[in-house]
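One structure is given below, encoded as structure tokens.
Every chain is numbered from 1 and lettered A, B, ... according to where its sequence line falls, protein lines coming before strand lines. Worth saying up front: this structure is predicted, and the values here are computed from it rather than measured.
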Amino acid sequence: MSLAIIGCAEVPTKRDPERKRWDILKDVCVRAIQDAGISKDDIEAVLSVNPMAQPSMALDMALGRIPETLGLKGCKDICVLNAGGASTTNCLRLAKSFLDSGWAKFVLIPHVTVQSDIPTEALINFFATAPLDPEWEYPYGVTFNGAMGLITNRYMHETGTTPEEMASVSVGLRGWAALDPMSIFHGKPVTLEDVLNSRMISTPLHSKECNFLADGGGALVVTTHEIAKEMGRPAAYELGHDMAFMGATPVLRSDVFSREAYRSSSRGALEKAGLGINDMDLRQIYGAYPYTQCSALEGYGICEIGEAGKLWASGECGPGGSLPCTTMGDATGRGHTGSGVSMAFYIDTFRQIRGDTGERQVKDCEHAIITTAGGSVMNACTTIYGRSAT
Amino acid sequence: MSEYLKPLPVIQSFSQPFWDAAKDGKLLVQKCNSCGSSIFFPRDRCPECWSEDLGWIEASGKGEIYAFSVTYEGVEKAFKEDLPIVLAWIDLPEGIRMQTNIIDCNPDDVSIGMAVEVTFKKATDDINLPYFKPVSG
Ligand SMILES: [Zn+2]
């Protein structure tokens with residue numbers, strides 16, 4: 001099994017209902033295929049990220065409108081994959097199967113999400129009901145922020161992480177985002193005071209520690225290691241992958257902070273890659289809430305339990321630090337594009353390895369570890385990427 | 001009593017005994033008669049051993065706050081009059097962790113590890129919802 005990312009494109013994350021779903025979709029697909037240096041008819045499969053809360057677009061994708069609209073004459077089949085925020089991970093997994101079995105040499109993986117044309121009350125309702133149990137959670141006024149605030153509170157209680165340390169995670173993420181033209185917060189860094197003085201949403205989470213729902217879109221083109229090597233173009237080679245599932249409902253999980261899932265999935269992925277955590281030049285953690293940026297570093301084995309907040313507070317994980325983490329900014333820094341956050345994570349990882357991320361560029365980014373999650377952090381899907389196949 | 005506008009629990013046949021007891025002010029915990037596991041949420045099959053021989057015990061109603069969060073905004077319209085809402089996970093001595101709200105107290109006084117006890121509030125003629133409040137005294 002081998003997979004390499006050879007092309008990508010995305011649109012800036014923002015709230016703009018004038019930017020229509022199909023316009024974004026066509027734009028990113030065309031540019032990703034051009035970026036890969038192939039022709040449109042080389043694409044043999046289109047595996048799409050399910051767009052959350054947008055049933056019409058989900059149906060368009062599921063029923064084959066993308067290859068038809070784009071005239072992808074070589075396309076042999078399509079599929080839409082849905083695992084919430086981890087959907088892109090599943091597109092990549094299925095792509096690997098298409099590549100490995102020889103069904104396809106090149107696979108296109110598109111995503112689009114427009115939330116700005118959905119009424120706020122409907123969005124709140126979607127995010128309140130979609131991941132929640134209708135009998136035991138929904139009647140209690142649970143929100144994503146509330147559930148994640150509760151976990152953050154327990155994390156801080158157990159580890160002794162201070163509000164300043166936790167807020168410094170958002171400062172770091174917004175620091176990366178401020179340098180990223182693809183972020184809704186481009187040019188808008190925040191200070192510790194900004195975070196701590198922002199409105200309290202669900203204790204201990206301030207508004208600048210929560211997610212801002214936004215629109216976005218992106219696409220990846222992937223192929224086999226062999227073809228990527230022959231093409232001689234910059235590529236991000238997948239070197240190892242592993243995963244752990246914690247469960248759909250936060251209150252029922254024993255691994256409350258996902259720390260054990262980060263531990264086991266990173267160990268498994270690194271073992272397959274034949275690499276260690278200290279070989280990684282970049283750590284990309286998609287948890288959507290700041291505590292995951294801490295528990296992942298602990299689970300990865302980069303620091304002791306309770307030390308991660310101090311690492312973020314020291315500035316080492318942000319721009320200019322010696323331990324760059326989550327240059328993509330996570331949902332907190334980028335804007336939350338529904339199921340598209342992990343797409344943006346893979347694109348950023350590819351671009352970091354290719355070396356074209358401008359001011360955010362991690363020096364000599366040869367290896368990266370990336371963990372994505374779906375639902376309310378139901379799982380941890382960890383992948384190792386490298387600049388070369390071995 | 002004014003009409004209850006918030007979402008009601010979607011009750012299933014196998015969880016009906018829990019809600020019947022709640023109407024009488026009793027908190028039930030589901031138990032597996034085969035392996036002895038305490039089960040939450042209630043199921044029709046034990047998630048540990050797959051036995052369908054499940055029963056109920058009446059809980060003491062006491063518990064301890066494992067974690068909580070006070071929500072000030074971002075809830076659906078029907079919940080707005082309840083803000084701030086204290087969302088909490090309660091560890092029961094009967095061996096389960098429940099998600100609920102802490103009520104009848106100042107949210108600023110809530111803390112992890114706090115001793116709490118169950119209290120029921122009538123939602124409709126058929127449904128009493130279990131909440132928790134600090135143990136008095
Ligand atoms: Zn059992």
Side-chain angles (χ1 to χ4, degrees), chain A residues 119-160 198-207 209-213 247-254 256-257 289 291 376, chain B residues 4 6-12 14-16 18-19 22 39-43 47 65-91 96-103 107-108 110-113 121 123-124 127-132:
Chain A
T120 305
E121 186 70 13
L123 272 182
I124 291 177
N125 177 269
F126 176 81
F127 283 104
T129 52
L132 295 182
D133 187 275
E135 187 169 13
W136 305 102
E137 294 192 290
Y138 191 35
Y140 291 102
V142 185
T143 62
F144 247 116
N145 291 333
M148 295 298 124
L150 182 151
I151 294 173
T152 305
N153 196 4
R154 180 74 197 187
Y155 175 88
M156 292 168 72
H157 174 82
E158 277 189 26
T159 59
S198 61
R199 290 181 348 269
M200 187 59 84
I201 305 293
S202 289
T203 59
L205 298 175
H206 303 81
S207 68
E209 296 171 287
C210 296
N211 297 165
F212 187 76
L213 297 180
T249 311
V251 70
L252 301 186
R253 290 176 202 146
S254 53
V256 174
F257 314 121
Y289 283 86
Y291 78 88
S376 53
Chain B
Y4 191 81
K6 289 177 276 187
L8 290 164
V10 179
I11 297 171
Q12 306 170 82
F14 51 82
S15 60
Q16 189 65 52
F18 178 95
W19 298 105
I39 303 168
F40 188 79
F41 321 139
R43 329 274 170 110
I65 297 179
Y66 171 84
F68 73 96
S69 174
V70 185
T71 291
Y72 291 93
E73 59 179 87
V75 294
E76 285 181 86
K77 212 176 280 171
F79 285 102
K80 276 185 184 158
E81 62 179 33
D82 293 347
L83 291 174
I85 294 172
V86 184
L87 179 69
W89 294 358
I90 310 298
D91 283 342
I96 63 164
R97 180 171 295 160
M98 282 186 74
Q99 179 158 272
T100 183
N101 297 144
I102 306 296
I103 62 168
D108 294 341
V110 176
S111 62
I112 289 174
K121 266 173 60 176
T124 68
I127 297 176
N128 266 0
L129 279 167
Y131 298 90
F132 281 74

Practice prompt. Output the option from M148(A), R154(A), M200(A) having the highest count of non-hydrogen pairs under 4.5 Å with chain B.
Written response: R154(A)
Worksheet entry | chain B contact via T249(A) - which portion, at a heavy-atom distance below 4.5 Å | side chain
Discussion item. Nearest 0.5 Å, please: how far is CD1 in I201(A) from OG in S207(A)?
Written reply: 5.0 Å
Worksheet item: Taking all atoms of both residues into account, what is the closest heavy-atom pair of P42(B) and W136(A), and its distance?
Response: CD-CZ2, 3.2 Å
Worksheet item: Y131(B) vs Y140(A) aromatic rings, parallel, tilted or perpendicular, using cut-offs 30° and 60°?
Response: perpendicular
Response to the item:
Turns out that what part of L252(A) lies under 4.5 Å from chain B's heavy atoms comes down to side chain
Discussion item. Please give me the minimum heavy-atom distance between R253(A) and A248(A), naming the atom from each residue.
Written reply: NH2-O, 3.4 Å
Practice prompt. Please work out whether the ring planes of Y289(A) and F144(A) are parallel, tilted or perpendicular, with thresholds of 30° and 60°.
Written response: parallel
Worksheet entry | Proximity breakdown for I151(A) and chain B, heavy-atom pairs closer than 4.5 Å | side chain
Fill in: Toward chain A, the part of Y72(B) with a non-hydrogen atom under 4.5 Å
both
Worksheet item: Is it the backbone or the side chain of A88(B) that comes under 4.5 Å from a heavy atom of chain A, or both, or neither?
Response: backbone
Discussion item. Working to the nearest 0.5 angstrom, can you tell me the gap between L150(A) CG and T143(A) OG1?
Written reply: 10.5 Å
Fill in: Proximal component of L87(B), with respect to chain A [non-hydrogen, under 4.5 Å]
both
Item to complete: Against chain A, label P107(B) side chain, backbone, both or neither, depending on which of its atoms sit under 4.5 Å from a heavy atom there.
Response: neither
Response to the item:
Residue from T100(B), L129(B), V86(B), D82(B) scoring the most non-hydrogen pairs under 4.5 Å with chain A is T100(B)
Worksheet item: Between R43(B) and F14(B), is NZ or CZ placed under 6.0 angstrom from the six-membered ring centre and within 45° of the ring axis?
Response: no
Fill in: Flag side-chain contact, heavy atom, 4.5 Å: N153(A) against S69(B)
no
Worksheet entry | chain A contact via K77(B) - which portion, at a heavy-atom distance below 4.5 Å | both
Item to complete: Among the options W19(B), F41(B), F79(B), pick out the one with the most heavy-atom pairs lying under 4.5 Å from chain A.
Response: F41(B)
